[in-house]
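Everything on this sheet refers to the single structure shown next.
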Amino acid sequence: MAEDSATDEISRLEARLEELAEAAERCRKIILVSKAAIAGGVGLLLLAMLGLFGANAPAALGSIAVVLGGIVSLGSNVSTLQQTTDAMSAAELQRSELIGEIDLRVVGDGTLKLT
């Protein structure tokens with residue numbers, strides 16, 4: 001009976017690990033987009049400052065807003081990714097401990113017949 005509950009718990013942990021892996025992948029994608037937004041905003045700001053894009057204030061303010069938004073998004077998702085990977089490590093450790101507690105038994109005599 002205890003083995004069944006351990007198996008159910010392992011299955012639940014496997015599902016949780018899949019959810020966490022998906023969340024980590026989303027964070028990685030958002031981090032990449034945030035870095036691109038920061039780079040694009042800095043580039044646009046440099047163009048506006050050098051006068052190559054025209055000396056208009058809305059372009060400069062827009063680029064500053066993009067840079068700040070990218071920084072906020074980057075920081076938020078980096079910390080979320082760290083928390084997610086910590087949760088994944090804890091779940092994997094718990095899964096390993098549960099697998100170690102199961103009384104595994106060998107099925108068959110271990111010989112393989114090729115015909």
Side-chain angles (χ1 to χ4, degrees):
M1 189 61 81
E3 210 170 282
D4 290 337
S5 66
T7 304
D8 292 340
E9 184 68 16
I10 291 170
S11 297
R12 187 190 66 75
L13 285 171
E14 288 288 339
R16 177 75 176 139
L17 282 169
E18 288 179 21
E19 291 172 6
L20 290 170
E22 291 171 5
E25 188 59 32
R26 278 192 308 272
C27 285
R28 287 184 188 98
K29 289 178 184 177
I30 293 171
I31 288 170
L32 183 62
V33 170
S34 298
K35 288 179 180 180
I38 292 169
V42 167
L44 184 60
L45 184 61
L46 286 174
L47 288 175
M49 288 174 53
L50 295 174
L52 301 174
F53 187 66
N56 61 19
L61 290 175
S63 63
I64 291 170
V66 169
V67 169
L68 291 176
I71 291 170
V72 169
S73 177
L74 178 70
S76 172
N77 282 286
V78 165
S79 64
T80 302
L81 179 60
Q82 181 62 42
Q83 292 170 355
T84 303
T85 54
D86 290 345
M88 286 176 67
S89 297
E92 288 171 349
L93 179 63
Q94 188 177 7
R95 180 187 62 182
S96 296
E97 290 172 354
L98 286 170
I99 290 172
E101 291 175 3
I102 295 176
D103 183 29
L104 300 175
R105 53 190 176 273
V106 177
V107 178
D109 62 352
T111 60
L112 180 64
K113 294 181 182 178
L114 298 174
T115 56

Step by step, would you call K29 with V33 a side-chain contact (heavy atoms from CB on, under 4.5 Å)?
CA-CA 6 Å; K29 289 178 184 177; V33 170; 5.7 Å; no

Could you check I64 against L68 for side-chain contact (heavy atoms from CB on, under 4.5 Å), going step by step and ending with a plain yes or no?
CA-CA 6 Å; I64 291 170; L68 291 176; 4.0 Å; yes

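Both L74 and V67 are part of a single hydrophobic cluster, where members link through side-chain heavy atoms under 4.5 Å apart. Hydrophobic clustering (side-chain heavy atoms under 4.5 Å, transitive across Ile, Leu, Val, Met, Phe, Trp, Tyr) keeps M88 apart from I31. Linking ILVMFWY residues whenever their side-chain heavy atoms come closer than 4.5 Å, directly or via other members, leaves L47 and V66 in distinct clusters. In terms of hydrophobic clustering, with Ile, Leu, Val, Met, Phe, Trp and Tyr side chains grouped at heavy-atom distances under 4.5 Å, I71 and V78 are assigned to a common cluster.
Here CD of Q94 is found 10.0 Å from CD1 of I10. Values are rounded to the nearest 0.5 Å. Separation of atoms CD1 (I99) and CD (E92) is listed at 10.5 Å; rounding is to 0.5 Å. To the nearest 0.5 Å, the span separating CG on L32 from CG on N77 amounts to 11.5 Å. With values rounded to the nearest 0.5 angstrom, L50 atom CG is found 9.5 Å from L45 atom CG. How far CD1 of I38 is from NZ of K35: 8.5 Å, rounded to the nearest 0.5 Å. Rounded to the nearest 0.5 Å, atoms CG (L13) and CG (L98) are 6.0 Å apart.
The shortest non-hydrogen separation linking G70 to S34 is O-CB, 3.5 Å.
Using modelled atom types, no side-chain atom of S76 and backbone atom of V72 make a donor-acceptor pair closer than 3.5 Å.
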